[in-house]
Amino acid sequence: MALVVQKFGGTSVADPDRIRAVAEHVVATRRRGDDVVVVVSAMGKTTDDLVRLAHEVSAAPADREMDMLLTAGERISMALLCMAIIEQGEPAVSFTGSQAGILTDTTHTKAKILDVRADRLREALAAGSVAVVAGFQGVSTASDVTTLGRGGSDTTAVALAAALEASACEIYTDVTGVFTADPRVVPEARRLPRVSFDEMLEMAATGGRVLALRSVEFARNHGVRVHVRSSFTWEPGTWVVPDEELEVEGMEQAIISGVTHDTSEAKVTIARVPDRPGVAARLFRALADDAVNVDMIVQNVSTEGHTDISFTVPHADLTRTLTVVEAQLGGIGAAGITHDADVGRVSIVGAGMKSNPGVAATMFETLAAEGINIEMISTSTIRVSCVVAEADVQRAVVALHRAFDLGTS
Ligand code: ASP
Ligand code: MG
């Protein structure tokens with residue numbers, strides 16, 4: 001008898017029919033003899049609706065109250081799912097994040113999990129019940145209700161799987177797994193049977209929308225194997241596993257596992273920044289103090305004691321970024337600031353890159369052949385990213401997917 005954690009996202013529990021279908025699956029798993037802990041997201045677009053509602057009564061909703069409001073979404077799904085499971089003849093008990101023992105820090109709206117004290121879940125399982133937990137939430141060290149940031153139910157599921165030493169963490173969603181590219185952009189994209197934690201981290205960070213980034217970090221740090229699969233077809237999906245596991249099996253490791261893209265960022269350039277110690281420190285400290293999430297940063301070689309600095313930020317942070325940088329311009333003696341919101345990032349990710357030279361060159365040649373201009377480049381050991389015009393992003397993804405032969409298995 002094993003213990004499995006099954007997480008169902010918003011589309012998987014969007015309406016009563018879906019909730020009944022999920023209940024059937026949970027009941028079938030239970031009747032095969034496994035203990036089941038279920039984690040649910042809020043139904044459909046509930047969280048978005050609640051956020052909108054908050055902004056109708058307040059221009060800047062208080063963070064503590066925002067958390068109190070948003071956790072209601074997951075409470076609705078957990079109670080309804082329990083009712084549906086009980087209706088099908090199996091005992092089930094629901095738990096809020098707090099009741100499930102998810103202890104967090106006090107950072108409202110993006111709290112970090114500090115500990116999982118899952119005694120009540122263990123008791124429910126020992127009594128023969130299915131335990132259904134509200135995702136995305138916990139209780140802080142100050143006893144306030146917190147949320148883990150958008151998409152946080154994935155993190156709840158992985159954290160519970162780690163704490164309960166589950167044999168697997170199944171993340172059910174509306175796609176059948178992790179693909180070599182977004183199938184809406186590249187119809188011949190293939191589902192990957194397996195992907196390593198490191199590759200999944202890079203994919204999640206560069207636009208792969210299947211798993212929340214924090215949940216992948218958590219899975220890697222705690223060695224939780226994650227199975228991403230569909231609650232619409234129920235077919236086997238993609239396993240996210242430790243890097244060694246792929247190597248040990250000696251699988252024919254593809255050089256590139258996937259192409260990701262992201263059009264949610266804007267590019268900011270500061271012109272003629274004096275080339276002396278402390279300038280970048282001052283600039284990026286000011287941005288950090290204002291909680292701007294700076295991503296790619298590129299600084300040019302200097303000519304005549306001056307250089308340009310470009311970086312990307314989420315669209316949502318652009319206005320704040322411009323205000324902060326403008327306030328710094330005089331102090332650091334830079335000439336001015338320009339920005340471009342119509343950019344996108346295209347990335348290739350693959351563990352095989354480490355031992356195969358020429359991958360970046362192939363990427364640049366592919367973009368060149370398409371007449372696509374590269375505005376910024378950044379790399380990690382297993383990723384190469386290029387910032388290009390937003391209008392070129394889809395064409396770049398299609399061309400790269402073809403250039404690296406990702407459509408054929
Ligand atoms: N309901 C929350 C959100 O929409 C958490 C989740 O679905 O993972 O972000
Ligand atoms: Mg999600």
Side-chain angles (χ1 to χ4, degrees), residues 5-15 18-19 22 37-55 61 63-82 94-100 102 104 107-113 116 132-140 145-162 169-175 178 200-201 203-205 207-219 224 226-232 237 240 262 264 293 314-316:
V5 173
Q6 299 187 328
K7 180 258 171 178
F8 296 91
T11 48
S12 300
V13 293
D15 57 44
R18 291 295 319 155
I19 290 177
V22 166
V37 172
V38 180
V39 175
V40 281
S41 287
M43 295 169 70
K45 297 261 167 266
T46 302
T47 309
D48 292 334
D49 293 343
L50 291 174
V51 169
R52 205 172 307 118
L53 206 52
H55 285 281
D63 285 346
R64 180 186 185 280
E65 304 312 320
M66 194 61 145
D67 276 354
M68 197 61 103
L69 177 71
L70 295 191
T71 52
E74 271 71 12
R75 275 190 179 225
I76 295 173
S77 358
M78 73 174 186
L80 290 174
L81 181 60
C82 274
S94 65
F95 297 92
T96 63
S98 165
Q99 290 175 317
I102 310 274
T104 74
T107 320
H108 281 293
T109 77
K110 39 180 177 298
K112 282 210 164 66
I113 296 178
V116 179
V132 180
V133 179
F136 166 62
Q137 54 179 276
V139 63
S140 74
V145 167
T146 49
T147 62
L148 308 178
R150 296 304 303 269
S153 297
D154 292 344
T155 311
T156 305
V158 173
L160 287 177
C169 180
E170 301 180 332
I171 305 271
Y172 289 91
T173 177
D174 52 5
V175 293
V178 179
M200 194 66 228
L201 265 183
M203 288 185 189
R209 275 157 289 270
V210 185
L211 283 178
L213 180 59
R214 290 259 296 272
S215 73
V216 187
E217 284 169 353
F218 207 104
V224 177
V226 174
H227 187 184
V228 181
R229 53 191 302 193
S230 162
S231 72
F232 290 78
V240 188
D262 180 7
S264 69
N293 213 338
H315 280 155

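Counting starts at 1 for both ligands and their atoms, in listed order.
- Salt bridge D67/R64: absent, no basic N to carboxylate O contact under 4.0 Å.
- What you find for S94 and Q99 is that their closest heavy atoms are O-OE1, 4.1 Å.
- Here the shortest heavy-atom pairing between Q137 and G97 reads OE1-N, 3.2 Å.
- Annotation for ligand 1: atoms under 4.0 Å from non-hydrogen atoms of S153 are 5 (C), 6 (C), 7 (O), 8 (O).
- At least one N/O-N/O distance between G151 and ligand 1 falls below 3.5 Å.
- Looking at every heavy atom in both residues, A54 comes nearest to M66 through CB-SD, 3.7 Å.
- Of all atoms in ligand 1, numbered sequentially from 1 with element shown, those under 4.0 Å from a heavy atom of S41 are 6 (C), 7 (O), 8 (O).
- In this structure, G152 is part of the shell of residues with a heavy atom less than 4.0 angstrom from ligand 1.
- Here D48 pairs with R150 in a salt bridge; the nearest charged N to carboxylate O distance falls below 4.0 Å.
- Taking every non-hydrogen atom of F136 and a distance limit under 4.0 Å, the qualifying atoms of ligand 1 come out as 2 (C), 5 (C).
- Looking at every heavy atom in both residues, D154 comes nearest to L211 through OD2-CA, 3.7 Å.
- Taking any N or O of T47, backbone or side chain, at least one lies under 3.5 Å from an N or O belonging to ligand 1.
- Residue R150 holds the heavy atom nearest to atom 3 (C) of ligand 1 of all those in R150, K45, K7.
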